[in-house]
2 protein chains.
Amino acid sequence: MLPAEPCCPPLTERELTAEEAQRTAAMFKALGDPVRLRLFSKVASHPDNEACVCDIADVGVSQPTVSHHLKKLKEAGLLASERRGTWVYYRVEPSVLAAMGQLLSLAPAPAKVA
Amino acid sequence: MLPAEPCCPPLTERELTAEEAQRTAAMFKALGDPVRLRLFSKVASHPDNEACVCDIADVGVSQPTVSHHLKKLKEAGLLASERRGTWVYYRVEPSVLAAMGQLLSLAPAPAKVA
DNA sequence: ACCTTGAATAGACGTACGTCAACATAGAGG
DNA sequence: CCTCTATGTTGACGTACGTCTATTCAAGGT
């Protein structure tokens, strides 16, 4: 799995290269599972965009499955984790979120002559 | 697969319900494949956000595979298709794109007391 | 009617994915 | 040390997914 750094202009501006697509698709893929998306939204909507696993683990699947999904989100570059004593905290990477948001903006609207 | 209508406030605002997550994850999932993301970006970056299949089919996979992926994007609500004579045109749904972009905006930043 | 080109469908195949139960690891606190 | 709680890891299982070849459907042109 690629490092998943922020990437690329709005999708409406120009087509992605194969490499850009691979890197970027990895991030979308990470959010493409309902359980992962819920976990991510739970972290993102917590104060300071950060939450303990114990605060977000109630999503209807077993604890190992939660851990597995958090790992996937981390590998995709969308979350970072840090152990503080007994608990492990996950935090969203705001820059990555912003990059994905920009990717989906349809700002320029090329050649809409009207 | 759900109808995939536009949905939901920014991920930072509140956590998604299970149903919202399922609906929304389907859209992210559709963009979570490199080939599909390239196809989508090709359509999105064409004039009027619309392109003939013949204009975008060169992504390194067979023609049936391209057709398969375009169908998936359509089922996810991200593209619409229309036959015009010999050719079939695919067009992005701007509202859906905008909704996804808004979902990824981290506007309010709750409780960053600093 | 026939053939040609553009695009969708059907079916098959290998791989990746989501899930779980069982086990392992990490600190905290007696 | 031992144990309790919080997370992560392993290995297995069924299903979904991406891809292909072969075939079919749709429109045009001759």
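Letters A, B, ... mirror the listed sequences (proteins, then strands); counts begin at 1.
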d(CG, A:L70; P, D:dA6) in whole Å
16 Å
The complete set of salt bridge (charged side-chain N to carboxylate O under 4.0 Å, His left out) pairs with one or both residues in residues 50-62 of chain B, sequence neighbours excluded, reads B:E50-B:R84, B:E50-B:R91
Give the rounded distance in Å between these two atoms: CG of B:L79 and C1' of C:dA8.
16 Å
For C:dC17, does either OP1 or OP2 sit under 4.0 Å from a side-chain N or O belonging to A:H69?
no
How many whole angstroms separate atom OH of B:Y89 from atom C1' of C:dG6?
11 Å
Rounded to whole Å, CG of B:L73 lies from P of C:dA8 at a distance of 12 Å
How close or far is atom P of D:dT7 from atom NZ of A:K74, stated in whole angstroms?
13 Å
Is there a side-chain polar atom (N or O) of A:K71 under 4.0 Å from OP1 or OP2 of D:dT9?
yes
Which residues share a side chain to side chain contact (heavy atoms under 4.5 Å, CB included) with A:T86, sequence neighbours left out:
none
Return no unless some side-chain N or O of B:Y90 is found under 4.0 Å from OP1 or OP2 of C:dG6.
no
Nearest whole angstrom, please: distance from the P of C:dA8 to the CD of B:E75.
12 Å
Enumerate the residues from residues 28-36 of chain A whose closest heavy atom to DNA chain C is under 4.0 Å, giving them by residue number; use none for an empty result.
A:K29, A:D33, A:V35, A:R36
Pairing residues for A:S67 by the side chain to side chain contact (heavy atoms under 4.5 Å, CB included) criterion, not counting sequence neighbours
A:Q63
Per-nt protein contacts along nucleotides 20-30 of chain D (heavy atom under 4.0 Å; B base, S backbone sugar-phosphate only, - none) come out as BBB---SSS--
Between atom CD in A:E82 and atom C1' in D:dT7, what is the gap in whole Å?
15 Å
What are the two closest heavy atoms between A:M100 and A:L31, and how far apart are they?
CE-CD1, 4.1 Å
As a check of understanding: the bend across the helix from C:dA1-D:dT30 to C:dG30-D:dC1, end axes from five pairs, rounded to 10 degrees, works out to 10°
Which one, C:dC17, C:dA8, D:dT7, comes nearest to the side chain of A:S67?
D:dT7
Using side chain to side chain contact (heavy atoms under 4.5 Å, CB included), reason through B:L103 and B:F28 one step at a time and then give a plain yes or no.
CA-CA 11 Å; B:L103 205 68; B:F28 283 119; 3.7 Å; yes
Check side chain to side chain donor-acceptor pair (under 3.5 Å) between B:S81 and all other residues, then give those that pass, not counting sequence neighbours.
B:K74
Of all residues at least two apart in sequence or in a different chain, which pass the side chain to side chain donor-acceptor pair (under 3.5 Å) check with B:R36?
B:H69
If the condition is side chain to side chain donor-acceptor pair (under 3.5 Å), which residues does B:T65 pass it with, not counting sequence neighbours?
B:S62
Residues in salt bridge (charged side-chain N to carboxylate O under 4.0 Å, His left out) with B:K42, at least two apart?
A:E15
Between A:W87 and A:C54, what is the shortest heavy-atom contact and its length?
CD1-SG, 3.7 Å
What's the NZ-P distance between B:K72 and C:dT9, to the nearest Å?
13 Å
Taken in chain and number order and not counting sequence neighbours, the residues that satisfy salt bridge (charged side-chain N to carboxylate O under 4.0 Å, His left out) with B:R83 are none
Derivation of the side chain to side chain contact (heavy atoms under 4.5 Å, CB included) call for A:I56 and A:L70:
CA-CA 10 Å; A:I56 61 174; A:L70 288 172; 4.2 Å; yes
